[in-house]
Amino acid sequence: MRIDIISVVPKLIEGFFAHSIMKRGIDAGHVEVVLHDLRDYSLNKHRQVDDYAFGGGAGMVMTIEPIARCIRQLQSERHYDEVIYMTPDGETFNQRTANDLSLAGNLIFLCGHYKGVDQRVRDLFVTKEISIGDFVLSGGELAAAVCADAIIRLVPGVLNDETSALTDSFQDNLLAPPVYTRPADFEGAKVPEILLSGHESKITEWRFEQSLARTKERRPDLLKNSSF
Ligand code: ADE
């Protein structure tokens, strides 16, 4: 999978992909992440990528030309499954979207800034609009990094133990069960006996029950359309 991220401040998230699971996935060749500085696509001598809004009002709007140039350049080199615009008025990102997008070959993430992009960018180039929640960030970069993280860790081979993504919260509309490690007894706070028993099927059953109880208590909305 290849992910191209278009931004006016790519440095903001450069370090994010240089560590931990993201780095491992990239180094192992499972995924390629390419950051593009939108200013490199501006023909303006000041490398300007924004302008005043027609009709007035506070805040600058990102102009269409540099964005069009960047997206067209990328699309001339390979096919992209989606051109995703990160925006608070997009569809809310969730594990299902992460699963779907992890099957893609190539993705473009366009990060908004200021008052956002000229509407014609959305009309002409964007195929999907994603929000990471009902709050407004100063730019789409962190949102793009959040989505890229959730997607990349699902790409086969990125996680050490393939099954660990399958037991994540949300993967089957259930929150993950509690986990424990050594010591088995911390100042009297003990690990549940069942986890020390070595009885695999009983442990699986216990984890499922814990998941279900936790989901009922914290996120009953997740259970509405499930068979549990
Ligand atoms: N850009 C600014 N706020 C955002 C949000 N909540 N989700 C995605 N992109 C954004």
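When a ligand or atom number is given, it counts from 1 through the structure's own listing order. The model shown is predicted, which means the values in this text are computed figures rather than measured ones.
For the pair L12/E14, no side-chain contact is recorded, criterion being any heavy-atom separation below 4.5 Å from C-beta on. Two residues are said to be in side-chain contact when any heavy atoms from C-beta on lie closer than 4.5 Å; N44 and T63 fail this criterion. Between L43 and E65, the closest side-chain pair of non-hydrogen atoms is not below 4.5 Å. Side-chain contact between P10 and I5 is absent, with no heavy atoms from C-beta onward closer than 4.5 Å. Annotation: side chain of D40 is not in contact with side chain of H36 (no heavy-atom distance under 4.5 Å). For the pair F170/L175, a side-chain contact is recorded, criterion being any heavy-atom separation below 4.5 Å from C-beta on.
The protein atom (non-hydrogen) at minimum distance from atom 1 (N) of ligand 1 is P88 CD, 3.6 Å. Scanning all protein heavy atoms for the shortest distance to atom 7 (N) of ligand 1 gives I132 N, 3.0 Å. Looking from atom 6 (N) of ligand 1 to the surrounding protein, the closest heavy atom is F135 O, 2.8 Å. Here the heavy atom of the protein found nearest to atom 3 (N) of ligand 1 is L137 N, 3.0 Å.
At a heavy-atom distance under 4.0 Å, atoms from both the backbone and the side chain of S131 approach ligand 1.
Applying the 4.0 Å criterion to heavy atoms of V136 picks out, from ligand 1, the atoms 3 (N). The I130 neighbourhood of ligand 1 comprises atoms 8 (C), with distances under 4.0 Å to a heavy atom of that residue.
For the pair G133 and ligand 1, a heavy-atom separation below 4.0 Å is found. In this structure, D134 does not count as a contact residue of ligand 1, since none of its heavy atoms falls inside 4.0 Å of the ligand.
Proximity of the aromatic rings of F208 and F228 is defined here by a centroid distance below 6.0 angstrom, and this criterion is met.
For atom 9 (N) of ligand 1, the candidate residues are L142, T87, I84, D89; the nearest heavy-atom contact is made by T87.
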